[in-house]
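A short write-up of the structure that comes next.
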There are 2 protein chains.
Amino acid sequence: MMRHSERVLVAISGGKDSLALWDILLDLGYSADGVYLGLGIGDYSDNSRSYAQTYAGVRGAALQVIDLPDDQGFSVPDAARATKRVPCSACGLSKRHLLNQAALDGGYNVLATGHNLDDEAAVLFGNVMQWHVGYLARQRPVLPETAGFARRVKPLIRLSERESAAYCVLKGIDYIVDECPMAAGNRHLRYKETLNEIEERTPGAKAAFYFQFLDQMLPVLEDVAAAEREQVGTCTRCGAPSSADVCAFCKLVERATA
Amino acid sequence: MMRHSERVLVAISGGKDSLALWDILLDLGYSADGVYLGLGIGDYSDNSRSYAQTYAGVRGAALQVIDLPDDQGFSVPDAARATKRVPCSACGLSKRHLLNQAALDGGYNVLATGHNLDDEAAVLFGNVMQWHVGYLARQRPVLPETAGFARRVKPLIRLSERESAAYCVLKGIDYIVDECPMAAGNRHLRYKETLNEIEERTPGAKAAFYFQFLDQMLPVLEDVAAAEREQVGTCTRCGAPSSADVCAFCKLVERATA
(Lines give C-alpha, C1' and ligand atoms only; values in the text may rest on other atoms or scores of the structure.)
Protein backbone atom coordinates (compact mmCIF):
# COMPACT_ATOMS: atom_id res chain seq x y z
CA MET A 1 0.00 0.00 0.00
CA MET A 2 2.80 2.45 0.81
CA ARG A 3 6.53 2.61 1.52
CA HIS A 4 8.27 4.29 4.41
CA SER A 5 9.94 6.62 1.91
CA GLU A 6 6.57 7.92 0.71
CA ARG A 7 4.58 10.87 2.08
CA VAL A 8 1.17 9.83 3.28
CA LEU A 9 -1.86 12.07 3.77
CA VAL A 10 -4.42 10.56 6.15
CA ALA A 11 -8.04 11.70 5.86
CA ILE A 12 -9.08 12.46 9.45
CA SER A 13 -12.76 12.73 10.43
CA GLY A 14 -12.18 12.75 14.19
CA GLY A 15 -13.77 9.30 14.45
CA LYS A 16 -12.23 6.07 15.71
CA ASP A 17 -11.16 4.62 12.37
CA SER A 18 -9.25 7.57 10.98
CA LEU A 19 -7.55 8.37 14.31
CA ALA A 20 -6.61 4.69 14.80
CA LEU A 21 -5.15 4.62 11.30
CA TRP A 22 -3.15 7.80 11.84
CA ASP A 23 -1.89 6.49 15.17
CA ILE A 24 -0.80 3.16 13.68
CA LEU A 25 0.97 4.81 10.75
CA LEU A 26 2.81 7.23 13.05
CA ASP A 27 3.79 4.38 15.40
CA LEU A 28 5.09 2.40 12.42
CA GLY A 29 7.29 5.33 11.46
CA TYR A 30 5.49 6.52 8.37
CA SER A 31 5.66 10.14 7.34
CA ALA A 32 1.92 10.68 7.80
CA ASP A 33 0.22 14.07 7.94
CA GLY A 34 -3.50 14.51 8.53
CA VAL A 35 -6.15 16.44 6.65
CA TYR A 36 -9.50 17.36 8.17
CA LEU A 37 -12.38 18.47 5.97
CA GLY A 38 -15.06 20.57 7.69
CA LEU A 39 -18.45 19.92 6.15
CA GLY A 40 -20.45 22.65 7.90
CA ILE A 41 -22.68 20.25 9.84
CA GLY A 42 -23.15 22.52 12.89
CA ASP A 43 -21.87 21.29 16.27
CA TYR A 44 -21.02 17.92 14.82
CA SER A 45 -18.39 19.43 12.55
CA ASP A 46 -16.99 21.65 15.32
CA ASN A 47 -16.71 18.70 17.70
CA SER A 48 -15.16 16.31 15.23
CA ARG A 49 -12.57 18.93 14.20
CA SER A 50 -11.70 19.46 17.82
CA TYR A 51 -11.03 15.70 18.34
CA ALA A 52 -8.82 15.72 15.25
CA GLN A 53 -6.90 18.80 16.43
CA THR A 54 -6.50 17.45 19.95
CA TYR A 55 -5.00 14.21 18.67
CA ALA A 56 -2.67 16.09 16.31
CA GLY A 57 -1.58 18.32 19.21
CA VAL A 58 -0.85 15.36 21.51
CA ARG A 59 1.20 13.60 18.82
CA GLY A 60 2.83 16.77 17.51
CA ALA A 61 1.61 15.76 14.06
CA ALA A 62 0.71 18.08 11.18
CA LEU A 63 -3.01 18.51 10.50
CA GLN A 64 -4.26 20.55 7.59
CA VAL A 65 -7.81 21.89 8.05
CA ILE A 66 -9.97 22.53 5.01
CA ASP A 67 -13.44 24.02 5.38
CA LEU A 68 -16.12 23.40 2.77
CA PRO A 69 -18.28 26.45 3.67
CA ASP A 70 -15.26 28.81 3.91
CA ASP A 71 -13.58 27.58 0.74
CA GLN A 72 -16.52 26.72 -1.51
CA GLY A 73 -19.34 28.80 -0.07
CA PHE A 74 -21.70 25.95 0.87
CA SER A 75 -22.15 23.33 3.58
CA VAL A 76 -23.34 19.74 3.19
CA PRO A 77 -26.84 20.68 4.43
CA ASP A 78 -26.90 23.53 1.83
CA ALA A 79 -25.90 21.09 -0.90
CA ALA A 80 -28.57 18.59 0.14
CA ARG A 81 -31.24 21.29 -0.06
CA ALA A 82 -30.01 22.57 -3.41
CA THR A 83 -29.72 19.16 -5.04
CA LYS A 84 -32.80 17.67 -3.31
CA ARG A 85 -30.71 14.54 -2.68
CA VAL A 86 -29.57 12.85 0.53
CA PRO A 87 -26.78 14.81 2.24
CA CYS A 88 -24.47 11.77 2.14
CA SER A 89 -24.32 12.10 -1.63
CA ALA A 90 -22.91 15.66 -1.62
CA CYS A 91 -20.70 14.77 1.35
CA GLY A 92 -19.07 11.77 -0.33
CA LEU A 93 -18.55 13.69 -3.55
CA SER A 94 -16.98 16.67 -1.74
CA LYS A 95 -14.69 14.41 0.29
CA ARG A 96 -13.47 12.48 -2.74
CA HIS A 97 -12.76 15.65 -4.69
CA LEU A 98 -11.25 17.87 -2.00
CA LEU A 99 -9.18 15.22 -0.21
CA ASN A 100 -7.68 14.09 -3.50
CA GLN A 101 -6.98 17.72 -4.34
CA ALA A 102 -5.28 18.19 -0.97
CA ALA A 103 -3.08 15.12 -1.57
CA LEU A 104 -2.04 16.38 -5.02
CA ASP A 105 -1.50 19.99 -3.91
CA GLY A 106 0.61 18.87 -0.96
CA GLY A 107 2.76 16.59 -3.09
CA TYR A 108 1.76 13.45 -1.17
CA ASN A 109 2.25 10.01 -2.73
CA VAL A 110 -0.71 8.40 -1.05
CA LEU A 111 -4.10 9.34 0.38
CA ALA A 112 -5.06 6.91 3.17
CA THR A 113 -8.57 6.56 4.60
CA GLY A 114 -9.79 4.67 7.66
CA HIS A 115 -12.53 2.56 6.00
CA ASN A 116 -12.96 -0.66 7.97
CA LEU A 117 -14.44 -4.04 7.07
CA ASP A 118 -17.95 -2.99 8.14
CA ASP A 119 -17.78 0.12 5.95
CA GLU A 120 -16.48 -1.69 2.91
CA ALA A 121 -18.89 -4.60 3.24
CA ALA A 122 -21.83 -2.16 3.50
CA VAL A 123 -20.65 -0.20 0.44
CA LEU A 124 -20.25 -3.48 -1.44
CA PHE A 125 -23.73 -4.54 -0.35
CA GLY A 126 -25.19 -1.29 -1.69
CA ASN A 127 -23.34 -1.61 -4.98
CA VAL A 128 -24.54 -5.21 -5.32
CA MET A 129 -28.17 -4.47 -4.49
CA GLN A 130 -28.23 -2.21 -7.54
CA TRP A 131 -25.47 -3.89 -9.54
CA HIS A 132 -23.47 -0.73 -10.13
CA VAL A 133 -20.90 -2.68 -12.13
CA GLY A 134 -18.61 0.32 -12.60
CA TYR A 135 -18.56 1.04 -8.86
CA LEU A 136 -17.94 -2.64 -8.13
CA ALA A 137 -14.95 -2.66 -10.47
CA ARG A 138 -13.47 0.31 -8.58
CA GLN A 139 -14.08 -0.99 -5.04
CA ARG A 140 -10.49 -1.95 -4.27
CA PRO A 141 -8.35 -1.53 -1.14
CA VAL A 142 -5.69 0.09 -3.31
CA LEU A 143 -6.50 2.37 -6.24
CA PRO A 144 -3.24 3.05 -8.04
CA GLU A 145 -2.17 6.57 -8.94
CA THR A 146 -3.60 7.73 -12.27
CA ALA A 147 -3.58 11.10 -14.04
CA GLY A 148 -5.18 13.55 -11.61
CA PHE A 149 -5.62 11.00 -8.80
CA ALA A 150 -3.23 10.32 -5.95
CA ARG A 151 -2.94 6.65 -4.95
CA ARG A 152 -5.78 5.85 -2.53
CA VAL A 153 -5.38 3.13 0.08
CA LYS A 154 -7.57 1.67 2.83
CA PRO A 155 -5.22 -0.05 5.28
CA LEU A 156 -7.92 -0.98 7.85
CA ILE A 157 -10.19 -3.08 5.64
CA ARG A 158 -9.38 -6.22 7.66
CA LEU A 159 -10.52 -4.67 10.95
CA SER A 160 -14.11 -4.55 12.15
CA GLU A 161 -15.40 -1.29 13.59
CA ARG A 162 -15.37 -2.85 17.04
CA GLU A 163 -11.71 -3.55 16.64
CA SER A 164 -10.80 -0.01 15.66
CA ALA A 165 -12.90 1.28 18.57
CA ALA A 166 -11.11 -1.14 20.93
CA TYR A 167 -7.76 0.05 19.57
CA CYS A 168 -8.63 3.67 20.40
CA VAL A 169 -9.81 2.75 23.89
CA LEU A 170 -6.66 0.75 24.59
CA LYS A 171 -4.41 3.51 23.26
CA GLY A 172 -6.35 6.24 25.07
CA ILE A 173 -7.29 8.05 21.87
CA ASP A 174 -10.34 10.30 22.29
CA TYR A 175 -12.62 10.28 19.28
CA ILE A 176 -16.08 11.54 18.37
CA VAL A 177 -18.50 8.74 19.28
CA ASP A 178 -21.66 10.26 17.80
CA GLU A 179 -22.66 9.25 14.31
CA CYS A 180 -23.08 12.10 11.87
CA PRO A 181 -26.60 13.51 12.47
CA MET A 182 -27.19 13.75 8.72
CA ALA A 183 -26.50 10.04 8.23
CA ALA A 184 -29.19 8.80 10.64
CA GLY A 185 -31.36 6.21 8.90
CA ASN A 186 -29.45 6.35 5.65
CA ARG A 187 -29.08 3.37 3.36
CA HIS A 188 -25.47 2.72 4.27
CA LEU A 189 -26.35 2.32 7.97
CA ARG A 190 -29.30 0.08 7.12
CA TYR A 191 -27.03 -2.13 5.02
CA LYS A 192 -24.66 -2.34 7.98
CA GLU A 193 -27.55 -3.53 10.15
CA THR A 194 -28.60 -6.10 7.57
CA LEU A 195 -25.05 -7.44 7.36
CA ASN A 196 -24.84 -7.53 11.16
CA GLU A 197 -28.01 -9.62 11.29
CA ILE A 198 -26.61 -12.03 8.71
CA GLU A 199 -23.31 -12.14 10.61
CA GLU A 200 -25.10 -12.98 13.86
CA ARG A 201 -26.78 -16.00 12.26
CA THR A 202 -23.73 -17.03 10.24
CA PRO A 203 -20.53 -15.86 11.94
CA GLY A 204 -17.88 -15.06 9.35
CA ALA A 205 -20.41 -14.21 6.65
CA LYS A 206 -19.44 -10.54 6.50
CA ALA A 207 -15.74 -11.18 6.02
CA ALA A 208 -16.49 -13.92 3.47
CA PHE A 209 -18.75 -11.54 1.56
CA TYR A 210 -16.07 -8.86 1.29
CA PHE A 211 -12.91 -10.94 0.93
CA GLN A 212 -14.43 -13.43 -1.52
CA PHE A 213 -15.40 -10.39 -3.58
CA LEU A 214 -11.78 -9.25 -3.65
CA ASP A 215 -10.51 -12.75 -4.47
CA GLN A 216 -13.18 -14.10 -6.81
CA MET A 217 -15.03 -11.20 -8.38
CA LEU A 218 -12.58 -8.33 -8.79
CA PRO A 219 -10.37 -10.25 -11.25
CA VAL A 220 -13.46 -10.81 -13.45
CA LEU A 221 -14.15 -7.06 -13.36
CA GLU A 222 -10.66 -6.11 -14.54
CA ASP A 223 -11.88 -5.34 -18.09
CA VAL A 224 -14.69 -3.15 -16.76
CA ALA A 225 -12.19 -1.20 -14.64
CA ALA A 226 -9.86 -0.75 -17.61
CA ALA A 227 -12.71 0.45 -19.84
CA GLU A 228 -13.77 2.94 -17.16
CA ARG A 229 -10.22 4.28 -16.84
CA GLU A 230 -10.09 4.85 -20.58
CA GLN A 231 -13.22 7.00 -20.49
CA VAL A 232 -11.80 9.45 -17.97
CA GLY A 233 -10.98 12.85 -19.38
CA THR A 234 -10.51 16.21 -17.70
CA CYS A 235 -13.06 18.62 -16.23
CA THR A 236 -13.08 21.79 -18.35
CA ARG A 237 -13.57 23.93 -15.23
CA CYS A 238 -11.23 22.57 -12.57
CA GLY A 239 -9.00 20.18 -14.47
CA ALA A 240 -9.86 17.21 -12.24
CA PRO A 241 -10.38 13.78 -13.84
CA SER A 242 -13.94 13.41 -15.09
CA SER A 243 -15.83 11.31 -17.60
CA ALA A 244 -18.08 14.31 -18.37
CA ASP A 245 -17.19 17.79 -19.67
CA VAL A 246 -17.76 19.30 -16.24
CA CYS A 247 -17.00 17.12 -13.22
CA ALA A 248 -19.63 16.19 -10.64
CA PHE A 249 -18.01 18.37 -7.97
CA CYS A 250 -18.03 21.49 -10.15
CA LYS A 251 -21.70 20.83 -10.94
CA LEU A 252 -22.38 20.50 -7.22
CA VAL A 253 -20.62 23.80 -6.49
CA GLU A 254 -22.69 25.48 -9.18
CA ARG A 255 -26.01 24.21 -7.82
CA ALA A 256 -25.20 24.67 -4.14
CA THR A 257 -24.04 28.27 -4.55
CA ALA A 258 -26.68 29.36 -7.10
CA MET B 1 -38.05 -19.41 -24.06
CA MET B 2 -40.05 -21.93 -26.10
CA ARG B 3 -42.11 -22.25 -29.26
CA HIS B 4 -45.58 -23.71 -29.63
CA SER B 5 -44.10 -26.41 -31.84
CA GLU B 6 -41.82 -27.61 -29.04
CA ARG B 7 -42.55 -30.24 -26.41
CA VAL B 8 -42.26 -28.84 -22.90
CA LEU B 9 -41.75 -30.81 -19.69
CA VAL B 10 -42.86 -28.87 -16.61
CA ALA B 11 -41.29 -29.80 -13.26
CA ILE B 12 -44.26 -30.07 -10.89
CA SER B 13 -43.81 -29.99 -7.12
CA GLY B 14 -47.49 -29.64 -6.24
CA GLY B 15 -46.86 -26.08 -5.03
CA LYS B 16 -48.35 -22.83 -6.33
CA ASP B 17 -45.57 -21.85 -8.71
CA SER B 18 -45.25 -25.06 -10.70
CA LEU B 19 -49.01 -25.59 -10.93
CA ALA B 20 -49.54 -21.96 -12.00
CA LEU B 21 -46.85 -22.37 -14.65
CA TRP B 22 -48.36 -25.60 -15.98
CA ASP B 23 -51.81 -24.00 -16.05
CA ILE B 24 -50.58 -20.95 -17.94
CA LEU B 25 -48.69 -23.03 -20.51
CA LEU B 26 -51.70 -25.30 -21.10
CA ASP B 27 -54.01 -22.27 -21.42
CA LEU B 28 -51.60 -20.74 -23.92
CA GLY B 29 -51.80 -23.90 -26.01
CA TYR B 30 -48.34 -25.30 -25.37
CA SER B 31 -47.74 -29.02 -25.53
CA ALA B 32 -46.79 -29.25 -21.85
CA ASP B 33 -46.53 -32.48 -19.86
CA GLY B 34 -45.71 -32.59 -16.16
CA VAL B 35 -43.10 -34.53 -14.22
CA TYR B 36 -43.31 -35.04 -10.46
CA LEU B 37 -40.26 -36.18 -8.50
CA GLY B 38 -41.01 -37.89 -5.17
CA LEU B 39 -38.25 -37.17 -2.69
CA GLY B 40 -39.30 -39.55 0.09
CA ILE B 41 -40.06 -36.80 2.61
CA GLY B 42 -42.88 -38.67 4.43
CA ASP B 43 -46.39 -37.18 4.37
CA TYR B 44 -45.11 -34.05 2.69
CA SER B 45 -44.12 -35.99 -0.42
CA ASP B 46 -47.39 -37.98 -0.45
CA ASN B 47 -49.45 -34.82 -0.14
CA SER B 48 -47.59 -32.84 -2.73
CA ARG B 49 -47.82 -35.72 -5.23
CA SER B 50 -51.54 -35.91 -4.64
CA TYR B 51 -51.98 -32.18 -5.47
CA ALA B 52 -49.97 -32.70 -8.65
CA GLN B 53 -52.03 -35.74 -9.65
CA THR B 54 -55.32 -34.03 -8.85
CA TYR B 55 -54.45 -31.06 -11.06
CA ALA B 56 -53.31 -33.35 -13.89
CA GLY B 57 -56.58 -35.29 -13.60
CA VAL B 58 -58.74 -32.16 -13.72
CA ARG B 59 -56.91 -30.86 -16.80
CA GLY B 60 -56.56 -34.26 -18.46
CA ALA B 61 -52.83 -33.57 -18.70
CA ALA B 62 -50.03 -36.14 -18.69
CA LEU B 63 -48.01 -36.37 -15.46
CA GLN B 64 -45.00 -38.64 -15.18
CA VAL B 65 -44.18 -39.66 -11.58
CA ILE B 66 -40.60 -40.49 -10.64
CA ASP B 67 -39.75 -41.67 -7.16
CA LEU B 68 -36.28 -41.17 -5.71
CA PRO B 69 -36.54 -43.95 -3.07
CA ASP B 70 -38.06 -46.46 -5.52
CA ASP B 71 -35.69 -45.71 -8.37
CA GLN B 72 -32.45 -44.90 -6.59
CA GLY B 73 -32.86 -46.60 -3.22
CA PHE B 74 -32.61 -43.51 -1.01
CA SER B 75 -34.73 -40.59 0.14
CA VAL B 76 -33.64 -36.98 0.71
CA PRO B 77 -33.53 -37.54 4.50
CA ASP B 78 -31.33 -40.65 3.89
CA ALA B 79 -29.01 -38.59 1.69
CA ALA B 80 -28.77 -35.81 4.27
CA ARG B 81 -27.78 -38.32 6.97
CA ALA B 82 -25.25 -40.06 4.72
CA THR B 83 -23.61 -36.86 3.47
CA LYS B 84 -23.92 -34.99 6.79
CA ARG B 85 -25.04 -31.97 4.80
CA VAL B 86 -28.29 -30.02 4.75
CA PRO B 87 -31.08 -31.97 3.01
CA CYS B 88 -31.62 -29.11 0.52
CA SER B 89 -28.24 -29.87 -0.97
CA ALA B 90 -29.06 -33.52 -1.89
CA CYS B 91 -32.56 -32.44 -2.91
CA GLY B 92 -31.41 -29.80 -5.37
CA LEU B 93 -28.78 -32.09 -6.83
CA SER B 94 -31.27 -34.94 -7.31
CA LYS B 95 -33.84 -32.65 -8.90
CA ARG B 96 -31.36 -31.15 -11.35
CA HIS B 97 -30.08 -34.56 -12.41
CA LEU B 98 -33.30 -36.56 -12.57
CA LEU B 99 -35.53 -33.88 -14.08
CA ASN B 100 -32.99 -33.23 -16.81
CA GLN B 101 -32.76 -36.97 -17.40
CA ALA B 102 -36.55 -37.18 -17.66
CA ALA B 103 -36.59 -34.38 -20.24
CA LEU B 104 -33.89 -36.05 -22.34
CA ASP B 105 -35.42 -39.55 -22.06
CA GLY B 106 -38.85 -38.25 -23.00
CA GLY B 107 -37.53 -36.38 -26.03
CA TYR B 108 -38.66 -32.97 -24.73
CA ASN B 109 -37.15 -29.78 -26.12
CA VAL B 110 -37.46 -27.80 -22.93
CA LEU B 111 -37.55 -28.33 -19.16
CA ALA B 112 -39.57 -25.54 -17.51
CA THR B 113 -39.53 -24.79 -13.78
CA GLY B 114 -41.74 -22.49 -11.70
CA HIS B 115 -39.02 -20.42 -10.01
CA ASN B 116 -40.40 -16.98 -9.23
CA LEU B 117 -38.75 -13.62 -8.55
CA ASP B 118 -38.50 -14.29 -4.80
CA ASP B 119 -36.77 -17.63 -5.44
CA GLU B 120 -34.33 -16.27 -7.96
CA ALA B 121 -33.49 -13.18 -5.92
CA ALA B 122 -32.79 -15.35 -2.86
CA VAL B 123 -30.58 -17.72 -4.87
CA LEU B 124 -28.76 -14.71 -6.28
CA PHE B 125 -28.35 -13.29 -2.79
CA GLY B 126 -26.80 -16.56 -1.58
CA ASN B 127 -24.44 -16.71 -4.54
CA VAL B 128 -23.41 -13.11 -3.95
CA MET B 129 -22.84 -13.49 -0.21
CA GLN B 130 -20.18 -16.05 -1.03
CA TRP B 131 -19.26 -14.81 -4.50
CA HIS B 132 -19.70 -18.15 -6.24
CA VAL B 133 -18.69 -16.62 -9.56
CA GLY B 134 -19.36 -19.81 -11.52
CA TYR B 135 -22.88 -20.11 -10.11
CA LEU B 136 -23.50 -16.43 -10.80
CA ALA B 137 -22.48 -16.88 -14.43
CA ARG B 138 -25.02 -19.70 -14.79
CA GLN B 139 -27.95 -17.99 -13.06
CA ARG B 140 -29.96 -17.22 -16.19
CA PRO B 141 -33.69 -17.42 -16.95
CA VAL B 142 -32.82 -19.48 -20.04
CA LEU B 143 -29.99 -22.00 -20.15
CA PRO B 144 -29.62 -23.09 -23.76
CA GLU B 145 -29.48 -26.76 -24.70
CA THR B 146 -25.95 -28.18 -24.49
CA ALA B 147 -24.59 -31.72 -24.83
CA GLY B 148 -26.43 -33.76 -22.18
CA PHE B 149 -28.65 -30.91 -21.00
CA ALA B 150 -32.12 -30.05 -22.22
CA ARG B 151 -32.86 -26.34 -22.50
CA ARG B 152 -33.97 -25.08 -19.08
CA VAL B 153 -36.31 -22.12 -18.75
CA LYS B 154 -37.90 -20.23 -15.85
CA PRO B 155 -40.92 -18.40 -17.30
CA LEU B 156 -42.20 -17.00 -13.96
CA ILE B 157 -39.13 -15.02 -12.89
CA ARG B 158 -41.05 -11.74 -13.24
CA LEU B 159 -43.79 -12.83 -10.81
CA SER B 160 -43.54 -12.57 -7.03
CA GLU B 161 -44.64 -15.56 -4.96
CA ARG B 162 -47.71 -13.63 -3.87
CA GLU B 163 -48.67 -13.22 -7.50
CA SER B 164 -48.39 -16.91 -8.32
CA ALA B 165 -50.39 -17.72 -5.16
CA ALA B 166 -53.03 -15.18 -6.19
CA TYR B 167 -53.14 -16.73 -9.67
CA CYS B 168 -53.87 -20.17 -8.17
CA VAL B 169 -56.56 -18.79 -5.89
CA LEU B 170 -58.26 -16.94 -8.76
CA LYS B 171 -58.08 -19.98 -11.04
CA GLY B 172 -59.26 -22.37 -8.30
CA ILE B 173 -56.07 -24.46 -8.41
CA ASP B 174 -55.46 -26.43 -5.21
CA TYR B 175 -51.82 -26.57 -4.20
CA ILE B 176 -49.77 -27.68 -1.23
CA VAL B 177 -49.49 -24.66 1.04
CA ASP B 178 -47.03 -26.11 3.57
CA GLU B 179 -43.35 -25.41 3.10
CA CYS B 180 -41.15 -28.48 2.87
CA PRO B 181 -40.48 -29.56 6.49
CA MET B 182 -36.81 -30.16 5.69
CA ALA B 183 -36.33 -26.60 4.45
CA ALA B 184 -37.44 -24.92 7.70
CA GLY B 185 -34.84 -22.40 8.79
CA ASN B 186 -32.56 -23.02 5.85
CA ARG B 187 -30.34 -20.35 4.37
CA HIS B 188 -32.51 -19.83 1.30
CA LEU B 189 -35.55 -18.98 3.43
CA ARG B 190 -33.48 -16.66 5.62
CA TYR B 191 -32.23 -14.84 2.51
CA LYS B 192 -35.86 -14.48 1.39
CA GLU B 193 -36.66 -12.86 4.74
CA THR B 194 -33.69 -10.52 4.48
CA LEU B 195 -34.75 -9.47 0.99
CA ASN B 196 -38.32 -8.98 2.19
CA GLU B 197 -37.10 -6.67 4.95
CA ILE B 198 -35.07 -4.66 2.43
CA GLU B 199 -38.07 -4.59 0.08
CA GLU B 200 -40.31 -3.28 2.84
CA ARG B 201 -37.99 -0.35 3.49
CA THR B 202 -37.21 0.25 -0.20
CA PRO B 203 -40.07 -0.95 -2.40
CA GLY B 204 -38.74 -2.22 -5.71
CA ALA B 205 -35.36 -3.17 -4.28
CA LYS B 206 -35.85 -6.90 -4.84
CA ALA B 207 -36.77 -6.58 -8.50
CA ALA B 208 -33.94 -4.10 -9.05
CA PHE B 209 -31.48 -6.50 -7.42
CA TYR B 210 -32.44 -9.37 -9.70
CA PHE B 211 -33.16 -7.58 -12.97
CA GLN B 212 -30.14 -5.27 -12.75
CA PHE B 213 -28.09 -8.43 -12.28
CA LEU B 214 -29.50 -9.83 -15.52
CA ASP B 215 -28.96 -6.54 -17.37
CA GLN B 216 -25.68 -5.27 -15.93
CA MET B 217 -23.75 -8.17 -14.50
CA LEU B 218 -24.50 -11.24 -16.59
CA PRO B 219 -22.93 -9.75 -19.75
CA VAL B 220 -19.70 -9.22 -17.78
CA LEU B 221 -19.79 -12.88 -16.70
CA GLU B 222 -20.09 -14.20 -20.25
CA ASP B 223 -16.42 -15.27 -20.37
CA VAL B 224 -16.74 -17.10 -17.05
CA ALA B 225 -19.78 -18.98 -18.35
CA ALA B 226 -17.96 -19.92 -21.56
CA ALA B 227 -14.92 -21.17 -19.63
CA GLU B 228 -17.19 -23.27 -17.40
CA ARG B 229 -18.93 -24.79 -20.42
CA GLU B 230 -15.57 -25.80 -21.87
CA GLN B 231 -14.64 -27.72 -18.74
CA VAL B 232 -17.71 -29.95 -18.87
CA GLY B 233 -16.97 -33.55 -19.79
CA THR B 234 -18.99 -36.72 -19.24
CA CYS B 235 -19.56 -38.78 -16.09
CA THR B 236 -17.86 -42.17 -16.53
CA ARG B 237 -20.72 -43.90 -14.70
CA CYS B 238 -23.94 -42.39 -16.01
CA GLY B 239 -22.86 -40.39 -19.03
CA ALA B 240 -24.33 -37.14 -17.71
CA PRO B 241 -22.41 -33.90 -18.20
CA SER B 242 -19.86 -33.42 -15.43
CA SER B 243 -16.67 -31.49 -14.83
CA ALA B 244 -15.34 -34.40 -12.71
CA ASP B 245 -14.78 -38.06 -13.66
CA VAL B 246 -17.83 -39.11 -11.68
CA CYS B 247 -20.71 -36.66 -11.50
CA ALA B 248 -22.02 -35.27 -8.21
CA PHE B 249 -25.26 -37.23 -8.48
CA CYS B 250 -23.49 -40.59 -8.94
CA LYS B 251 -21.31 -39.75 -5.91
CA LEU B 252 -24.46 -38.95 -3.94
CA VAL B 253 -26.07 -42.26 -4.95
CA GLU B 254 -22.93 -44.09 -3.86
CA ARG B 255 -22.83 -42.45 -0.43
CA ALA B 256 -26.56 -42.55 0.23
CA THR B 257 -26.91 -46.25 -0.61
CA ALA B 258 -23.64 -47.43 0.99
Side-chain angles (χ1 to χ4, degrees), chain A residues 86 88 117-118 120-140 184-228, chain B residues 86 88 117-118 120-140 184-228:
Chain A
V86 290
C88 308
L117 174 58
D118 297 79
E120 290 299 291
V123 169
L124 178 59
F125 196 86
N127 287 338
V128 160
M129 284 308 295
Q130 294 172 72
W131 293 100
H132 287 304
V133 176
Y135 294 172
L136 287 172
R138 257 178 285 156
Q139 204 187 333
R140 292 162 191 270
N186 79 355
R187 235 177 237 201
H188 183 73
L189 292 178
R190 292 207 310 261
Y191 291 151
K192 279 194 172 176
E193 280 170 30
T194 299
L195 284 168
N196 286 341
E197 286 159 20
I198 294 173
E199 176 74 18
E200 205 159 301
R201 291 184 293 210
T202 314
K206 196 190 290 176
F209 173 59
Y210 180 61
F211 294 118
Q212 290 281 88
F213 169 75
L214 298 185
D215 289 348
Q216 304 297 321
M217 195 63 216
L218 267 186
V220 177
L221 292 168
E222 193 45 68
D223 289 350
V224 175
E228 293 243 323
Chain B
V86 291
C88 307
L117 173 59
D118 297 80
E120 290 299 290
V123 168
L124 178 61
F125 195 86
N127 287 338
V128 161
M129 284 308 295
Q130 296 172 71
W131 293 99
H132 287 305
V133 175
Y135 295 172
L136 287 171
R138 258 177 285 156
Q139 202 186 337
R140 291 161 192 272
N186 79 356
R187 234 177 238 200
H188 183 73
L189 291 178
R190 292 206 311 261
Y191 290 151
K192 277 192 173 177
E193 279 169 31
T194 299
L195 285 168
N196 285 342
E197 285 159 20
I198 294 172
E199 176 74 18
E200 204 158 302
R201 290 183 294 211
T202 315
K206 197 190 291 178
F209 174 57
Y210 180 61
F211 294 119
Q212 290 280 88
F213 168 76
L214 298 185
D215 289 348
Q216 304 297 321
M217 194 65 215
L218 267 186
V220 176
L221 292 168
E222 194 45 67
D223 290 349
V224 176
E228 293 244 320

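We name chains A, B, ... by the order of the sequence lines, and we start the count at 1 in each one. Given the structure is predicted, the values throughout are model-derived calculations rather than measurements.
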>> Once rounded to the nearest 0.5 Å, what's the spacing between atom CG of B:L221 and atom CG of A:L221?
In response: 7.5 Å
>> As a quick check of understanding, evaluate side chain to side chain contact (heavy atoms under 4.5 Å, CB included) for A:M217 and B:M217, giving each step before the final call.
In response: CA-CA 11 Å; A:M217 195 63 216; B:M217 194 65 215; 2.6 Å; yes
>> Quick check on A:F211 against chain B: is it the side chain, the backbone, both or neither that has a heavy atom closer than 4.5 Å?
In response: neither
>> Let's go through A:R187 and B:T202 carefully: what are the C-alpha distance in whole Å and the side-chain angles of both, what is the deciding distance for side chain to side chain donor-acceptor pair (under 3.5 Å) to 0.1 Å, and is it a yes or a no?
In response: CA-CA 9 Å; A:R187 235 177 237 201; B:T202 315; 4.7 Å; no
>> If you apply the rule side chain to side chain contact (heavy atoms under 4.5 Å, CB included), what do you find for A:F209 with B:V128, and how did you get there?
In response: CA-CA 7 Å; A:F209 173 59; B:V128 161; 3.7 Å; yes
> Any side-chain heavy-atom pair from B:V133 and A:F213 closer than 4.5 angstrom?
Replying inline: no
> Can you say whether B:Y210 sits under 4.5 Å from chain A via the side chain, the backbone, both, or neither, judging by heavy atoms?
Replying inline: neither
>> Give me the atom names and distance for the closest heavy-atom approach of A:Q130 to B:Q212.
In response: O-NE2, 3.3 Å
> Are A:V220 and B:W131 close enough, and set up right, to give a side chain to side chain contact (heavy atoms under 4.5 Å, CB included), and what steps lead you there?
Replying inline: CA-CA 11 Å; A:V220 177; B:W131 293 99; over 6 Å; no
> Side chain, backbone, both or neither: which part of A:E222 has a heavy atom under 4.5 Å from chain B?
Replying inline: neither
>> Looking at chain B, which one of A:H132, A:M129, A:Q216 has the largest number of heavy-atom pairs inside 4.5 Å, strictly under?
In response: A:M129
